[in-house]
**Q** 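So that we are looking at the same thing, I have put the structure below in structure tokens.
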Amino acid sequence: MHNTRLICENTYWVGANDLRLSLFENIFPIPAGIAYNSYLITDEKTVLLDTVDSSVGERYIENVKHVLNGRTLDYLIINHMEPDHCATIEQILLLYPNVKLICNTKTVAMIKQFYNFNAEKNIQIVKEGDTLKTGKHELAFYLAPMVHWPEVMVTYDIFTKALYTADAFGTFGSHEGKLFADETNYSDEFLNEARRYYTNIVGKYGVQVSALLKKLSDLQVDFICPLHGPVWRENITFILDKYSKWAKYEPEEKGVVIAYASIYGNTENAVQILASKLVEKGVKSVNLYDVSSVDESYIISQAFKYSHLVFASVTYNSAIFPKLEHVLNELKHHNFQNRTVSIIENGSWGILSGKLMTEIIQSMKNMTLLEAKVKILSSVKEENYEQIENMANEIVNSIKN
Ligand code: FEO
């Protein structure tokens, strides 16, 4: 049975939620599921904006047919050609064989790469700044390459002032009936997941996200309609400000993320002592993550949130513990920058983890390595306790300054 919601004049949400998928992109845990948003405008012409993942295709087609109420579909705008949004295009073509597929040249190449159906006669190419009048509504197209893929574009409805933003402003999590961000307690229910979604999926492309925000800054936007997560119609500057910070790799808050790898609990002992000292000395937010038990996507997200990081690793096969090395390399691959970092190393012989972690940090942009070091020989001893005290003092001074 259909399940749709009205967003603004003639404009409906026709997407669907998947609460059964455990790993988004087969890598990111999504304990609260994922929403695949699609939007339908019923003007003199009818316009669908993107489709959905195949997993929710059946429900989606019911929604589209319900809103069309017997009318045909004139246009399908393809803002993003990733399969979680385009997997249902062929079904739409079978139902509405004369539908025009509005897309850019890069999208056309991807349609051919992913699928075998022939859409040549349906394709209508648009470029930056082109518009499409559908009656009262007039849609303007802006290219947004690498927010998240090269073919991405966003669509602005000049009539309703709704901006259809592809992956931008999306989040993990499903709707549970609450479509609009103002119907949720967004800061409690979604912000952490929105940050985890952005940082892990789009985080590498901060320059491109900043360019898009600048390009759109003159538009009056009353609705932000992303392809995942809640629709924004109130307090839009809240999410715009978050995106602006994330895109510039600026921390949201002063605080410390400690990511550690410990085999027998001795490195963990050191970071627990450090955490106690930091809190005693007045640091408001200290966050400890065992890389062996916490999925890396959460650690990457928290690293984007806070100003200071501590990496603590045992030496393992003359290298960094693999899961911590992976977190560091993932941060580097996400173009992560502008943070202050401290290093704790451990080993029973041939200690190398500190040197190797330092090399990765130094290969990233605008990273400040603090001087205080902690070098543990198997387990924390008196001299380490002093080193940890010095490290805590240096971090606190850096946060205050
Ligand atoms: Fe939700 Fe880049 O796809």
Side-chain angles (χ1 to χ4, degrees), residues 13-39 48-57 59-60 76-90 92 101-104 106-111 113-115 141-155 163-175 179 181 190 193-213 224-232 239 243 246-247 297 300-301 330 333-335:
W13 174 81
V14 291
N17 294 287
D18 186 350
L19 286 123
R20 296 184 177 195
L21 186 69
S22 57
L23 292 176
F24 185 75
E25 292 189 356
N26 209 14
I27 185 168
F28 303 113
I30 45 169
I34 187 83
Y36 300 111
N37 295 335
S38 169
Y39 305 94
L48 189 59
L49 290 114
D50 291 293
T51 71
V52 295
D53 190 80
S54 56
S55 61
V56 293
R59 187 80 348 106
Y60 173 65
L76 166 59
I77 294 170
I78 305 172
N79 281 323
H80 187 14
M81 196 46 212
E82 191 163 1
D84 56 331
H85 308 296
C86 67
T88 324
I89 292 176
E90 187 171 16
I92 294 291
L101 304 183
I102 306 292
C103 55
N104 61 65
K106 287 189 178 139
T107 318
V108 176
M110 284 196 182
I111 292 174
Q113 284 173 216
F114 273 110
Y115 301 112
F141 306 104
Y142 298 90
L143 301 183
M146 300 320 297
V147 182
H148 162 222
W149 279 17
E151 87 301 350
V152 170
M153 61 183 195
V154 302
T155 299
L163 184 64
Y164 300 90
T165 56
D167 278 336
F169 308 105
T171 175
F172 298 129
S174 52
H175 289 308
L179 178 65
F190 278 105
E193 287 297 77
R195 183 186 303 104
R196 188 165 69 91
Y197 173 88
Y198 171 85
T199 55
N200 284 278
I201 291 179
V202 195
K204 178 179 175 64
Y205 304 109
V207 170
Q208 291 85 349
V209 173
S210 289
L212 178 65
L213 293 175
I224 289 180
C225 302
L227 287 176
H228 304 285
V231 170
W232 288 84
I239 196 68
Y243 259 67
W246 296 339
S297 66
I300 288 167
S301 176
E330 279 297 291
H333 295 157
H334 285 73
N335 214 5

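Every number for a ligand or one of its atoms is a count from 1 in the order of the listing.
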**Q** How wide is the angle at atom 2 (Fe) of ligand 1 between NE2 of His80 and OD2 of Asp167, to the nearest 10°?
**A**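 So the angle at the metal works out to 90°.
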**Q** In Glu82, the N, O or S atom nearest to atom 2 (Fe) of ligand 1 is which?
**A**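 In Glu82, the heteroatom (N, O or S) nearest atom 2 (Fe) of ligand 1 is OE1.
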**Q** Roughly how far apart are Leu163 CG and Tyr142 OH, rounded to 0.5 Å?
**A**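 Answer rounded to 0.5 Å: 9.0 Å.
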**Q** Can a donor-acceptor pair be found, under 3.5 Å and without considering hydrogens, that links the side chain of Thr51 to the backbone of His85?
**A**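 Side chain of Thr51 to backbone of His85, a donor-acceptor pair under 3.5 Å: yes, one is there.
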**Q** So, does Ser301 use its side chain to make a donor-acceptor pair with the main chain of Ser297 at under 3.5 Å?
**A**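 Between the backbone of Ser297 and the side chain of Ser301 there is no qualifying donor-acceptor contact (under 3.5 Å).
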**Q** Nearest N/O/S atom of Asp84 with respect to atom 1 (Fe) of ligand 1, by atom name, please.
**A**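 Restricting Asp84 to its N, O and S atoms, the minimum distance to atom 1 (Fe) of ligand 1 goes to OD2.
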**Q** Using 2.8 Å as a strict upper limit, say whether an N, O or S atom of His85 approaches atom 1 (Fe) of ligand 1 that closely.
**A**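 Yes, His85 qualifies, because one of its backbone or side-chain N, O or S atoms lies under 2.8 Å.
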**Q** Does the shortest distance from atom 1 (Fe) of ligand 1 to an N/O/S atom of His148 fall below 2.8 Å?
**A**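 So His148 does not count as coordinating atom 1 (Fe) of ligand 1.
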**Q** Please work out whether the ring planes of Trp13 and His175 are parallel, tilted or perpendicular, with thresholds of 30° and 60°.
**A**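 Plane angle over 60°, so perpendicular.
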**Q** May I ask you to check whether Phe24 and His228 place their ring centers less than 6.0 Å from one another?
**A**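 Yes; His228 has its ring centre under 6.0 Å from that of Phe24.
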